[in-house]
Structures are given as structure tokens and as C-alpha cells.
Amino acid sequence: MVGQRVRTRFAPSPTGYLHVGGLRTALYNYLFAKKMHGDFIIRIEDTDQSRKVEGAQRDLIKTLEWAGIVADESPLHGGNFGPYVQSERLDIYAGYCQQLLDDQHAYYCFATHEELEENRQLQIKQGLQPKYNRKWLSEEMGGSMPPSAIRKKLDEGAPYVIRMKVPDYVSVWFEDIIRGPVEFDSATIDDQVLMKSDGFPTYHFASVIDDHLMEFTHIIRGEEWLSSMPKHLLLYEFFGWEPPKVAHLPLLLNADRSKLSKRQGDVAVEDYIRKGYSSDAIINFVAMLGWNEGEGSQQEVYSMQQLIDKFSLERVGKAGAVFNVDKLNWLEKQYIKNRPTEQLVEVIRPILLDELECKKSLMPLEIITSDAYLANVIELMRERVGFEHEFVTFASYFFFEPDSYDEEAVKKRWMADTNTLLREFTDILYSLEEFTAGNIEANLKEFVAPKALKAAVLIHPLRIVTSGVSFGPSLYHMLEVLGKETVLRRILKGIENIDVPA
Ligand code: GLU
């Protein structure tokens with residue numbers, strides 16, 4: 001393996017959405033490959049045809065690409081080691097299976113489901129670990145079935161599976177990059193089915209063949225596959241192949257340390273995309289689920305490139321990683337806070353244009369969609385939004401007329417003379433040559449001082465009539481950004497629509 005180009009893979013089954021755990025597996029494979037200047041490959045494992053979901057393969061790859069994980073080889077983009085979909089490689093598996101049969105490392109098994117189940121129950125009752133009882137192992141291979149009986153079944157066309165013959169009395173040992181040395185006794189390993197009765201290989205068989213033929217140097221996958229390793233290693237040995245290096249990633253846990261489940265929150269990456277999380281925050285968040293840079297590092301926000309530069313499998317922990325959505329929300333805010341304004345402008349404009357397709361604005365479109373206007377909104381709102389889309393949705397008053405006024409706030413802030421004060425102040429605003437925050441503030445203060453009123457008697461109502469809500473950025477700056485025409489129109493409309501509460 002010395003000098004070999006690093007090749008890693010993500011091998012999802014196309015059974016639906018992309019699980020956040022799957023995203024982490026894909027990400028770690030990608031980070032490791034890129035760090036080592038190697039290749040990252042996507043292979044689709046669709047050998048369980050009953051669980052296959054139409055369109056899932058494309059969606060998985062597209063979701064990964066959305067997250068910035070673009071494969072060097074995949075079913076969508078091809079490569080030199082294809083096909084990259086297992087159902088298109090059946091001939092390959094059949095050939096290798098024949099080799100194992102010929103070498104007496106595998107055998108036909110005609111046991112029915114009922115028989116297998118009966119055997120299983122019996123073993124459980126006897127306190128044994130359920131395993132296939134090798135009824136169909138031939139005399140030639142150390143079993144008790146006469147070869148003629150097997151021949152007869154085959155000639156009759158009886159349905160069968162093909163099982164691997166796990167050697168007796170051996171121990172299977174390997175070194176996991178994350179877990180260190182791991183050992184299994186062959187007595188605990190079942191004669192795994194390699195070929196199912198429908199002619200499809202099982203996951204175990206297909207993945208070993210493909211991992212070898214596609215020349216992967218490192219297999220990085222979830223902890224749930226650790227117990228499959230001895231079967232895989234035996235297959236490598238049967239074929240005389242050198243196994244790749246392996247790393248099994250820690251489990252993802254709910255806050256209560258139970259295994260991450262749908263019942264306690266979203267687990268599909270698509271759900272987070274729909275909610276408006278950015279790929280940067282999700283990638284950063286998922287990267288930290290099991291990996292850290294090491295003591296001494298205070299860094300919490302990483303770009304993909306920084307992750308590539310710093311990632312190492314040695315710094316992936318063994319202990320389960322708690323999935324904490326608060327951390328994701330915090331990261332999302334950090335990204336918005338720190339992202340250059342010109343980048344955010346480009347993210348927000350399409351969101352606004354989408355919104356404008358279904359909602360009418362009374363403001364001049366060429367202004368509200370301009371770089372300068374969007375940049376102003378971003379500067380006022382970046383500390384206040386949790387998601388990029390909130391620049392348009394949460395702060396919709398920068399683009400659309402308020403369609404209601406916060407009732408509680410109106411009740412609290414409207415006095416008998418509020419509408420009159422607003423009307424008088426409108427005249428002052430109207431006469432302003434320069435509609436700037438400083439000018440508006442100075443004039444407001446000058447207006448209330450002789451009346452012995454506090455600025456608040458106008459500040460709150462002005463915010464409510466112009467934005468519909470009682471909170472937001474600095475009022476004076478908000479009014480400046482909205483512009484004179486919009487501000488005057490909204491005040492007058494507010495006066496018309498808001499009655500002095502009784
Ligand atoms: N198809 C398996 C899965 O869905 C892949 C396991 C592996 O990486 O070997 O997780």
C-alpha cells in the first residue's frame with residue numbers, strides 16, 4: 001500500500017433520505033481523501049431491491065453536492081472503476097462467488113425460512129448464540145450432507161442461497177484506526193449468506209468485492225459495521241487480497257445518550273435544508289460530531305478547506321457523539337455574523353426574488369433588489385437573524401408593507417395623542433432634505449423636547465407603523481434604509497388603521 005493513492009468511499013443504500021450520520025460518514029471520507037490528495041467515491045449499494053426507493057440515488061448525490069461534498073467518481077459523474085451501482089455489477093459477484101464455491105470456501109444452502117427460524121428458536125432456548133446449523137454443508141467440506149443430495153436439489157431447481165464457510169477455530173484480528181486492535185473468535189461468526197435466492201449478493205459480499213476492485217485504501221464507516229469486519233476479513237483472505245485499512249466512527253446520540261432517533265428530532269439532512277440551515281453550518285456541525293482538533297484549540301468555526309487541512313482519523317473519538325441542535329443553531333448564527341456582506345447579498349437576492357414572485361411589494365423593485373439596499377439590510381439585521389432566509393422572512397418589512405400591527409405593542413404604546421404626534425412628525429420628516437438616521441434622530445428629539453415628552457412616545461409607535469412589530473434594529477437606521485417615501489406612506493397608513501385603544 002506504500003505510495004498508493006488514497007481512495008475512500010461513501011456507500012449508501014438508496015432507501016430514502018440522507019441521514020445526518022450518513023452525511024458525517026461521507027464527510028469524514030471526503031475530508032480524509034482530500035487531505036491525503038486522494039479520491040472520494042460514491043458507490044450505491046442497492047442489493048436489497050425491496051428497500052430501494054426510486055430517485056433516492058440521485059437525491060443522495062445531490063444533497064451531498066449541496067453540502068460541498070463532490071465525488072471524484074460516482075454513478076452520476078462516472079469514473080474508471082464503474083459501474084458504481086451494485087445492481088449493475090451482478091455478473092462480477094457471480095464470478096467471484098463461483099470461485100469461492102470451487103475453492104470450497106462457500107456452499108449451497110437449501111434451508112427454508114421456517115427451518116432457519118425453528119433452528120434459531122432452538123438455539124436461543126439452549127442459551128446459544130443463533131447461527132446457521134450447517135445442515136447443508138457437504139461431507140466433502142467437513143459437513144454431513146452427501147454431495148448427491150446437494151446435486152439433486154440443484155438439478156430440481158430448488159431455491160438456494162450461497163453461504164461462506166467460516167473456518168473453525170481461528171481468531172480474526174485487525175487494527176481499527178479509531179478503536180485500536182479488535183479480535184473476534186470464529187466460533188462467534190455465522191456462515192454469512194453471500195448470495196441470496198434472488199441472485200443478488202448480500203451487502204457483505206458485494207461490498208468486499210467492490211472495495212477490492214475499486215481499490216479503496218481506507219474504509220471509514222459507522223460503528224454498526226464493526227461486527228461485520230471478521231466476515232469481510234475472511235473473504236479477503238479467501239481471495240488472497242490485502243484488506244484496506246479501516247476506521248469505525250462513533251455512534252451519534254440524542255441528548256439523553258440514547259441512539260440518535262427520529263423520535264427526538266430531525267435526522268434527515270433534507271429536513272435541515274428545508275428549515276434554512278446553510279451547508280457551511282451543517283458541515284461544520286457534522287464535522288464536530290466525533291472529531292476535534294485537539295486540546296488547546298479554541299476554534300469552533302471551520303470552513304471546508306480548514307477541515308480538510310486539519311482533519312485526521314487519529315483525532316476521531318471512540319465515544320458516542322451527542323447531536324446537539326443548539327450547537328448547530330449557534331454555528332448558523334456565526335456564519336451569518338461573519339460572512340462577507342457581498343456574499344450574503346448573493347445568497348439573499350434569490351430568496352427575495354422568489355418571495356417577490358408570490359408577494360407584491362409597494363417599494364421600487366430596482367431599489368430593494370439592489371446590492372446597496374440588500375447590503376444595508378444585512379448590516380442592520382445580521383446579528384438578529386438565525387437563518388439566511390430570515391433576512392427576507394423575519395425582516396420582511398424591509399421589502400413588504402406590514403400586513404398587521406403587533407396588537408399587544410399597540411395597546412401598550414398608543415396614547416390619546418399618539419396619532420396626532422405621528423401626523424405632526426410626518427410633516428417634519430416630509431420636509432427633511434437628507435433622510436439620514438442622524439437627521440431623523442435630531443429632528444425627533446427637537447420635536448419632543450418643547451412638549452416635555454420623552455423620545456420613546458414616538459420611537460415605539462414609529463417602529464410599529466413602519467415595521468408592524470415592536471422589535472428590530474436601530475429605529476433611525478431602519479427608517480433611513482426604508483427611505484422617505486416608504487416611511488411616510490407607512491406612517492399615514494398606520495394612523496388610518498390604528499385606533500387609539502380604549
Ligand atoms: N450500504 C452500507 C450502508 O448503508 C454501507 C456500509 C459500509 O460503508 O460498508 O451504510
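Quick note: numbers below take in every heavy atom, side chains included, and nothing from hydrogens, waters or symmetry partners. Keep in mind the model is a prediction, meaning the values are calculated, not measured.
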How would you list, by chain and number, every residue that makes a side chain to side chain contact (heavy atoms under 4.5 Å, CB included) with D256, sequence neighbours excluded? N254, S258, Q264
Do the side-chain N and O atoms of R9 and N29 include a donor-acceptor pair separated by under 3.5 angstrom? no
Name the atoms and distances for all side-chain donor-acceptor pairs under 3.5 Å in residues 336-353, with sequence neighbours left out.
residue: N338; atom: ND2; partner: Q334; partner atom: O; Å: 3.0
residue: R339; atom: NE; partner: Q343; partner atom: OE1; Å: 3.0
residue: R339; atom: NH1; partner: E388; partner atom: OE2; Å: 2.8
residue: T341; atom: OG1; partner: E379; partner atom: OE2; Å: 2.5
residue: T341; atom: OG1; partner: R382; partner atom: NH2; Å: 2.8
residue: E346; atom: OE1; partner: R349; partner atom: NH2; Å: 3.4
residue: E346; atom: OE2; partner: R349; partner atom: NH2; Å: 3.0
residue: R349; atom: NH1; partner: T369; partner atom: O; Å: 2.7
residue: R349; atom: NH1; partner: D371; partner atom: OD1; Å: 2.9
residue: R349; atom: NH2; partner: D371; partner atom: OD1; Å: 2.8

Using ring centroids (six-membered ring only for Trp), state whether F200 and Y93 fall under 6.0 Å. no
Under 3.5 Å, which donor-acceptor pairs do the side chains of residues 481-491 form with other protein atoms, sequence neighbours left out?
residue: K484; atom: NZ; partner: Y430; partner atom: O; Å: 2.8
residue: K484; atom: NZ; partner: L432; partner atom: O; Å: 2.7
residue: R489; atom: NE; partner: E401; partner atom: OE1; Å: 3.3
residue: R489; atom: NH2; partner: E401; partner atom: OE2; Å: 2.9
residue: R490; atom: NE; partner: E401; partner atom: OE1; Å: 3.2
residue: R490; atom: NH1; partner: Y397; partner atom: O; Å: 2.8
residue: R490; atom: NH1; partner: T466; partner atom: O; Å: 2.8
residue: R490; atom: NH2; partner: Y397; partner atom: O; Å: 3.0
residue: R490; atom: NH2; partner: F400; partner atom: O; Å: 3.1
residue: R490; atom: NH2; partner: E401; partner atom: OE2; Å: 3.4

Run the side chain to side chain contact (heavy atoms under 4.5 Å, CB included) test on T202 and T47 for me, step by step, so that the C-alpha distance in whole Å, both residues' side-chain angles and the decisive distance to 0.1 Å come before the verdict. CA-CA 6 Å; T202 53; T47 54; over 6 Å; no
Report the residues that fulfil side chain to side chain contact (heavy atoms under 4.5 Å, CB included) with L253, sequence neighbours left out, ordered by chain and then residue number. L251, R257, V322
Pairs involving residues 51-60, ordered by first then second residue, that meet side-chain hydrogen bond (donor to acceptor under 3.5 Å, both in side chains) (sequence neighbours left out): D46-K52
F311 and Y28: aromatic ring centres closer than 6.0 Å? yes
Testing the 3.5 Å rule here: is there a donor-acceptor pair between the side chains of R221 and H248? yes
Less than 6.0 angstrom separating the ring centers of W414 and Y405, yes or no? no
F174 vs F184 aromatic rings, parallel, tilted or perpendicular, using cut-offs 30° and 60°? parallel
Residue set satisfying salt bridge (Lys or Arg N to Asp or Glu O under 4.0 Å) with D72, at least two apart, ordered chain then number -> K34
